[in-house]
Amino acid sequence: MKLRKAGLDPIVVQTRRSILASMSESLLSGQRSAPKPDDVARVKTVLVVDDVESERTAVRTAIESRTKFRVCGEASNGVEAIRQANELRPDLVLMDLAMPQMNGLEAAKVLRNTMPTVPVVLLTLHGDLIGPRSSVLGVTLVLSKDDGLAPLLRCLERLLGRKS
């Protein structure tokens, strides 16, 4: 009766409620079911970690304009990187070495323990300081910032398994 006084038809209101309930239920069930690993339609994601905002922006722009991958998030230090990685579940983490609060190697070691199948690529000016021990430290690959973005994009294509 209150609905009629407000000028709303009870049938229309009930229909809208049913549609909303159905949409909510389908959204929730979609969240519950994890994507299948062989689902080729899913866009692979990258978490970009660097304390310099302009570096993050340049890398994001290159990834999203020259590949089929998507940057799912950004972080400015190792602590944020770990939090973002656990929240966003990226397919790959691209991380700088020298950062405040927690450097890239320390963060990579934590990520290796919590997300062992996710590659961690260290993009740094100090690659010569790390050398062959990088895999022991949780890093999949070390790339030099001096080499530009082309090697990085080729690396992403190889590690994420899809050509752009």
Side-chain angles (χ1 to χ4, degrees), residues 23 26-164:
M23 289 171 62
S26 75
L27 284 173
L28 288 174
S29 68
Q31 288 174 352
R32 280 187 221 122
S33 61
K36 296 175 182 154
D38 58 347
D39 183 7
V40 293
R42 189 175 80 75
V43 174
K44 303 283 180 131
T45 59
V46 178
L47 174 63
V48 177
V49 186
D50 197 305
D51 58 322
V52 180
E53 185 177 1
S54 60
E55 295 277 336
R56 291 193 313 266
T57 301
V59 169
R60 174 189 280 274
T61 301
I63 291 171
E64 292 185 342
S65 66
R66 297 186 196 171
T67 72
K68 294 180 181 179
F69 312 125
R70 183 176 60 83
V71 174
C72 63
E74 296 180 14
S76 62
N77 62 61
V79 174
E80 285 181 21
I82 294 165
R83 183 181 57 75
Q84 290 271 2
N86 286 315
E87 181 181 315
L88 300 172
R89 311 305 285 177
D91 296 299
L92 184 139
V93 177
L94 178 62
M95 190 158 16
D96 186 23
L97 171 63
M99 297 183 294
Q101 293 185 0
M102 179 185 278
N103 71 42
L105 284 177
E106 294 167 331
K109 190 171 183 180
V110 172
L111 290 173
R112 179 65 59 202
N113 289 328
T114 59
M115 304 171 73
T117 62
V118 175
V120 175
V121 175
L122 210 58
L123 186 62
T124 182
L125 291 171
H126 312 287
D128 55 324
L129 299 175
I130 300 163
R133 53 191 187 125
S134 61
S135 62
V136 174
L137 300 171
V139 176
T140 307
L141 187 63
V142 179
L143 296 174
S144 174
K145 287 183 178 183
D146 288 334
D147 293 339
L149 292 170
L152 167 65
L153 299 177
R154 284 192 302 271
C155 166
L156 294 178
E157 291 169 349
R158 190 177 78 242
L159 291 172
L160 295 177
R162 179 188 291 173
K163 294 286 181 192
S164 57

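From a predicted model like this one, the values you see are computed outputs, not experimental measurements.
- Put simply, the residue from Val48, Asp50, Val59, Asp96 that forms a side-chain contact (heavy atoms from CB on, under 4.5 Å) with Leu123 is Val59.
- Side chains of Arg112 and Thr140: a donor-acceptor N/O pair is present below 3.5 angstrom, by distance only.
- Taking CG of Leu153 as the reference point, atom CD of Glu157 lies at 6.5 Å (rounded to 0.5 Å).
- Remark: the backbone N or O of Ser76 is paired with a side-chain donor or acceptor of Glu80 at under 3.5 angstrom.
- The shortest distance between side-chain heavy atoms of Val118 and Leu111 does not fall below 4.5 Å.
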Show your reasoning for whether salt bridge (Lys or Arg N to Asp or Glu O under 4.0 Å) applies to Glu64 and Arg70. CA-CA 6 Å; Glu64 292 185 342; Arg70 183 176 60 83; over 6 Å; no
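- Results of the side-chain contact (heavy atoms from CB on, under 4.5 Å) test with Met99 over Met102, Gln101, Met95 single out Met95 as the only residue that passes.
- Distance CZ/Arg60 to CD/Glu53: 10.5 Å, rounded to 0.5 Å.
- A pairwise comparison of heavy atoms in Gln84 and Glu74 identifies NE2-O, 3.5 Å as the closest pair.
- At least one side-chain heavy atom of Leu141 sits less than 4.5 Å from a side-chain heavy atom of Arg158.
- Taking all atoms of both residues into account, the shortest heavy-atom contact from Leu159 to Pro119 is CD1-CB, 4.3 Å.
- For the atom pair OG1 of Thr67 and CZ of Arg154, the computed distance is 13.5 Å after rounding to the nearest 0.5 Å.
- Considering only residues two or more places apart in sequence or on other chains, Asp91 meets the salt bridge (charged side-chain N to carboxylate O under 4.0 Å, His left out) condition with Arg42.
- The shortest side-chain heavy-atom distance between Leu143 and Leu122 does not fall under the 4.5 Å cut-off.
- Looking at heavy atoms from C-beta onward, Leu47 lies out of side-chain contact with Val71 at the 4.5 angstrom threshold.
- The CG atom of Leu149 lies 6.0 Å from the CG atom of Leu152; values are rounded to the nearest 0.5 Å.
- Pro100 and Asp51 get closest at one heavy-atom pair: CD-CB, 3.6 Å.
- For the pair Leu156 and Ile63, the minimum side-chain heavy-atom distance is below 4.5 Å.
- Between Phe69 and Leu160, the closest side-chain pair of non-hydrogen atoms falls below 4.5 Å.
- Looking at Glu106, its side chain does come within 3.5 Å of a backbone N or O of Asn103 through a donor-acceptor pair.
- Taking 4.5 Å as the limit, every side-chain heavy atom of Val121 sits out of range of all side-chain heavy atoms of Val93.
- At least one side-chain heavy atom of Met115 sits under 4.5 Å from a side-chain heavy atom of Pro90.
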